[in-house]
Amino acid sequence: MIAKTCEPHTVDRQQPYALDLRERTFKISHLQILDEHGNLDAEREPDLSTEDLISLYRAMVLARAVDQRLLKLQRQGRIGTLPLCTGQEAASCGPVLAMTDKDWFVGSYRELGGRLMRGEPIENGFLLYNGYEEGSVFPGGERTLPVSIIIGAQTLHAVGIAYAMKIRGETDSAVVCFLGDGATSEGDVHEALNFASVWQVPVVFVCANNHWAISLPREKQTHSRTLAQKAIAYDIPGIQVDGNDALAMYQVTKDALDRARAGGGPTFVEAVTYRLMMHTTSDDPSRYQPPEQLQAWEARDPLSRFKSYLEAKGIWNDERQADLDAEIKQQIEDAVKAFEARKDFKPDAPFDHVFGTKVPRIEEQRAEFLDELRKESTDA
Amino acid sequence: MRKMNMVQAINLALDQEMANDDRVVALGQDIGVNGGVFRVTEGLFEKYGEARVIDTPLAESGILGTSIGMAIAGLRPVAEMQFSGFSYLMFGQLEGHAARLRSRTQGAITVPLVVRMPYGGGVRALEHHSESHEATYGHVPGVKVVIPSTPSNARALLVSAIRDPDPVIFMEPKRSYRAFREEVSEEEQVMEIGKAQIVQEGTDLTVVSWGAVMRPTLQAVEEVRDQRGISIELIDLLTISPMDGDTISASVEKTGRCVVVQEAPRSFSPSSEIIATINDKALMYLEAPVRRVTGYDVATPYFGRESAYIPTNGRIRQAIEETIDF
Ligand SMILES: Cc1ncc(C[n+]2csc(CCOP(=O)(O)OP(=O)(O)O)c2C)c(N)n1
Ligand SMILES: [Mg+2]
């Protein structure tokens with residue numbers, strides 16, 4: 001379905017010679033299943049069980065609550081700087097619902113909901129954003145790569161992993177790779193799309209167009225009218241999706257993964273969403289963000305429309321919501337407690353993980369470091 | 001035993017490792033059908049096929065970035081940068097990810113990969129084809145930097161690099177590629193990464209060098225020995241980082257004098273680190289200041305002038321003699 005709608009046009013020798021682009025020769029398709037009011041395009045409703053639908057909703061509500069708790073902890077000075085994910089829950093939770101444990105999750109830093117769905121403990125975010133590498137890994141997370149801060153770089157890792165899946169014949173494994181709108185300007189993303197296309201590897205790029213890269217608006221990032229159209233240059237299907245519509249995000253990822261696993265190669269998904277909070281806790285969007293734009297997007301919240309959908313289906317009500325809220329509150333409280341009780345941060349852990357072999361130079365420096373540390377603590 | 005040049009020896013290492021371990025893949029520009037611009041990968045494409053000997057698009061960051069992904073997923077990629085002068089385009093991937101994934105994940109994700117790259121001058125090449133910037137890579141924690149000097153150590157070190165659990169930058173002195181042959185065993189051979197090699201034992205002076213300038217250095221050492229009866233210990237550094245300070249300092253404790261010979265620009269270079277190491281560990285044994293013969297802190301000149309910039313036999317001899325006579 002994706003391949004057909006996005007088939008790029010090839011050279012047409014009958015076209016009159018002209019350098020202007022007024023006559024566009026391509027069309028980008030758009031997928032929305034659940035509109036901002038919760039109205040359903042029933043024909044396209046995914047075939048999901050009640051259990052799946054509720055777990056998807058729960059994941060988004062949890063992500064929002066954890067995000068807000070992280071913000072609060074930061075404002076109280078209990079953790080450090082962090083990026084916020086509020087508003088973008090559907091763009092990572094929808095895709096993860098379409099993934100299996102055998103698929104690889106290659107993310108950036110705006111996919112808290114997706115990461116929690118992959119099994120990452122809530123505590124990890126607290127650890128990571130309080131400056132501990134311990135927050136970058138979790139048991140069972142072998143195929144969930146840690147937060148990647150260098151914009152765009154992770155897209156190449158995704159392609160390399162997908163290449164490995166392909167040549168090892170792991171046909172039930174594919175890669176879902178997340179990136180932002182700003183990332184599309186990075187050379188690495190061009191290289192990743194090109195390599196993915198040349199190699200025809202099983203990777204799905206999910207590009208969260210949240211309209212901003214810190215203070216740079218989407219239209220200053222690229223003059224292209226869509227991000228999806230960039231895929232055409234690589235002969236990769238590119239599609240635009242309502243990124244606040246969890247059903248559409250699920251469906252497009254599922255279709256793209258099916259295609260990838262069947263040997264159909266990469267897909268590029270532009271998920272149109274919005275960053276409802278500051279870029280990071282150090283950022284002040286009032287310096288650049290038009291308030292009316294924010295308001296318009298608050299009305300398109302991914303959570304409220306999904307809730308309306310569940311209610312309309314008769315599988316959700318206020319009582320269930322209250323139960324869920326209470327349960328999540330408790331879960332987060334427990335995680336905060338566990339995080340704040342943790343004291344097992346080995347001071348010389350960085351020396352353990354420079355190399356996979358014992359290196360005298362590193363061991364000498366470790367001894368010196370520990371010695372200095374002991375002296376400092378006895379001086380104090 | 002077969003006599004081989006360095007190109008053939010590196011090819012042997014790749015061939016044997018690819019035969020031994022089907023996780024090993026080679027990738028880079030023109031390395032497949034064409035066998036590499038220096039023919040280092042000749043014959044591998046025919047033998048192991050296009051899935052394991054990959055002609056990549058022309059993109060250095062792409063080559064390393066995808067190699068990182070392959071390594072994460074359990075392959076053992078050996079990437080080629082066509083020339084070290086173009087490798088800076090992959091520096092972000094190296095510093096940001098290859099070098100750090102182990103520490104970022106406290107050992108849960110590791111990136112065993114090798115990046116081979118011809119480096120160094122003396123081949124009358126275009127701009128960007130002649131520099132010795134090993135220090136750039138040596139400064140990155142988490143990355144190992146290896147420079148062979150002969151066909152047999154190139155072969156053994158490359159095998160070790162491929163089996164190493166960490167990212168290894170393997171810099172091949174292109175001037176030495178076809179400069180000479182030596183016997184290389186067909187039997188498996190490895191060499192420990194992180195260990196310098198004492199090429200000649202001696203008691204009066206220590207000389208440390210690596211890469212292509214090992215040859216003029218060896219010649220100068222032999223001339224001074226023969227003409228003045230001086231016993232010189234010659235060390236081939238082999239691993240730039242992590243540097244084997246112990247072998248150097250033990251030697252200097254014995255000889256009390258040291259000369260370092262490198263092709264690289266002088267400042268912030270391996271010779272700086274060698275002198276700092278001697279300062280830390282063997283200062284009280286020194287009978288003369290440590291001398292160094294190096295490239296200069298200038299852009300590597302076009303080849304019309306380069307021979308005057310690469311350490312020559314004359315400059316090396318002079319430094320050795322002045323250090324002995326100090
Ligand atoms: C290579 C690189 N350059 C600059 C930065 C600093 N930086 C962090 S986030 C960001 C904006 C990224 O925008 P986008 O890709 O749209 O992702 P978003 O933050 O909106 O999710 C920038 C410039 C970085 N992390 N990496
Ligand atoms: Mg953005």
Side-chain angles (χ1 to χ4, degrees), chain A residues 104 106 132-134 136-139 141-143 145-150 152-168 170 173 175 177 186-188 190-199 201 203 346 349-362 364, chain B residues 22-23 25 27 49 51-52 54-75 77 89 92-93 95-97 99-113 141-144 164-167 192-194 241-246 277 280:
Chain A
W104 292 76
V106 180
Y132 290 103
E133 287 86 347
E134 281 80 350
S136 275
V137 274
F138 60 96
E142 290 75 20
R143 294 195 168 196
L145 266 54
V147 162
S148 180
I149 292 181
I150 299 179
Q154 76 280 6
T155 56
L156 283 165
H157 310 162
V159 175
I161 292 170
Y163 187 88
M165 295 304 103
K166 180 173 174 167
I167 69 163
R168 292 175 141 198
E170 286 194 36
S173 296
V175 185
C177 177
E186 289 284 1
D188 274 2
H190 158 62
E191 294 183 25
L193 291 169
N194 188 48
F195 276 59
S197 164
V198 171
W199 290 346
V201 288
V203 57
K346 189 176 172 236
F351 293 92
D352 291 339
H353 306 294
V354 188
F355 293 117
T357 53
K358 272 256 180 286
V359 169
R361 216 158 242 269
I362 303 294
E364 280 166 27
Chain B
D22 63 11
R23 297 172 305 170
V25 297
L27 68 160
R52 289 183 66 202
I54 311 158
D55 273 321
T56 66
L58 209 172
E60 289 72 18
S61 189
I63 292 168
L64 183 58
T66 54
S67 295
I68 291 169
M70 292 178 195
I72 290 171
L75 299 181
L89 283 93
Q93 285 287 348
E95 205 283 340
H97 294 285
R100 288 165 177 269
L101 272 157
R102 176 185 289 279
S103 61
R104 180 177 301 148
T105 63
Q106 300 204 318
I109 295 178
T110 61
V111 190
L113 59 81
V143 172
K144 293 173 176 169
D164 197 88
D166 297 307
E192 190 181 341
I193 290 174
S241 181
M243 191 179 279
D244 178 3
D246 292 344
T277 300
D280 285 345

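Values in this document were obtained by computation on a predicted structure and should not be read as measured data. The chains referred to below are lettered A, B, ... by the order of the sequence lines, with proteins before strands, and numbering in each begins at 1.
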Check your understanding: So, for Gly142(B) and Phe355(A), which heavy atoms are closest and what is the spacing to 0.1 Å?
Key -> C-CE2, 3.3 Å
Point to revise | Contacting moiety of Val354(A), where chain B heavy atoms sit under 4.5 Å | key: both
Point to revise | Residues Ser241(B) and Arg361(A): side-chain donor-acceptor under 3.5 angstrom | key: no
Review point. Out of curiosity, Tyr163(A) OH to Thr56(B) OG1, how far, rounded to the nearest 0.5 Å?
Key: 10.5 Å
Practice item. Could you pull out the closest heavy-atom pair between Ala73(B) and Ala164(A), with the gap in Å? Key: CB-CB, 3.6 Å
Check your understanding: What distance separates Gln93(B) CD from Gln154(A) CD, expressed to the nearest 0.5 Å?
Key -> 9.0 Å
Exercise for review: Would you mind checking which part of Gln106(B) comes under 4.5 Å of any heavy atom in chain A, side chain (CB onward), backbone (N, CA, C, O), both or neither?
Suggested key: both
Check your understanding: Side chains of Glu364(A) and Asp246(B): does their closest heavy-atom pair fall under 4.5 Å?
Key -> yes
Exercise for review: Using non-hydrogen atoms and a 4.5 Å limit, figure out which bit of Ser61(B) sits close to chain A: side chain, backbone, both or neither.
Suggested key: both
Exercise for review: Might you confirm whether atom NZ of Lys346(A) has over 12 heavy atoms from other residues, nucleotides or ligands at distances under 6.0 Å?
Suggested key: yes
Exercise for review: Indicate yes or no: at least one non-hydrogen side-chain atom of Arg104(B) is less than 4.5 angstrom from one of His353(A).
Suggested key: no
Point to revise | Option that, when pairs with chain B are counted at under 4.5 Å, heavy atom only, ranks first among Ser136(A), Ala349(A), Gly160(A), Ala158(A) | key: Gly160(A)
Practice item. Give, as side chain, backbone, both or neither, the part of Arg100(B) having an atom under 4.5 angstrom from any heavy atom of chain A. Key: neither
Point to revise | Residues which pass side chain to side chain donor-acceptor pair (under 3.5 Å) with His190(A), listed by chain and number, not counting sequence neighbours | key: Tyr234(A)
Check your understanding: Side chain, backbone, both or neither: which part of Pro360(A) has an atom under 4.5 Å from a heavy atom of chain B?
Key -> side chain
Exercise for review: Compare all side-chain heavy atoms of Thr66(B) with those of Glu191(A) and state whether any distance is below 4.5 angstrom.
Suggested key: no
Review point. Is the closest side-chain heavy-atom distance between Thr357(A) and Ile193(B) below 4.5 Å?
Key: no
Exercise for review: With a 4.5 Å cut-off on heavy-atom pairs, point out which of Thr277(B), Asp244(B), Ile54(B) contacts chain A the most.
Suggested key: Ile54(B)
Exercise for review: Let me know if Val147(A) has heavy atoms under 4.5 Å from chain B in its side chain, its backbone, both or neither.
Suggested key: backbone
Check your understanding: Minimum heavy-atom separation for Asn194(A) to Pro57(B), with atom names?
Key -> ND2-CB, 3.6 Å
Exercise for review: Identify which of Ala108(B), Gly74(B), Pro167(B) forms the greatest number of heavy-atom pairs closer than 4.5 Å to chain A.
Suggested key: Gly74(B)
Point to revise | CA sep, side-chain torsions, deciding dist, call: Ile109(B), Leu145(A), side-chain contact (heavy atoms from CB on, under 4.5 Å) | key: CA-CA 8 Å; Ile109(B) 295 178; Leu145(A) 266 54; 4.3 Å; yes
Practice item. Please report the shortest heavy-atom distance between Leu156(A) and Gly62(B), naming the atom on each side. Key: CD2-CA, 3.5 Å
Review point. In chain order, what residues pass the side-chain contact (heavy atoms from CB on, under 4.5 Å) check against Ile150(A), with sequence neighbours excluded?
Key: Ala153(A), His97(B)
Check your understanding: Where does Asp352(A) contact chain B at under 4.5 Å (heavy atoms): side chain, backbone, both or neither?
Key -> neither
Practice item. Please look at Asp22(B) and chain A and tell me whether the side chain, the backbone, both or neither of the residue comes under 4.5 angstrom of a heavy atom of that chain. Key: neither
Check your understanding: Which atoms form the tightest heavy-atom contact between Leu75(B) and Arg168(A), and what is the distance?
Key -> CD2-NE, 3.8 Å
Point to revise | Contact class of Val143(B) relative to chain A, heavy atoms under 4.5 angstrom | key: backbone
**Study point:** Interface moiety of Thr105(B) toward chain A, non-hydrogen atoms closer than 4.5 Å
**Key:** both
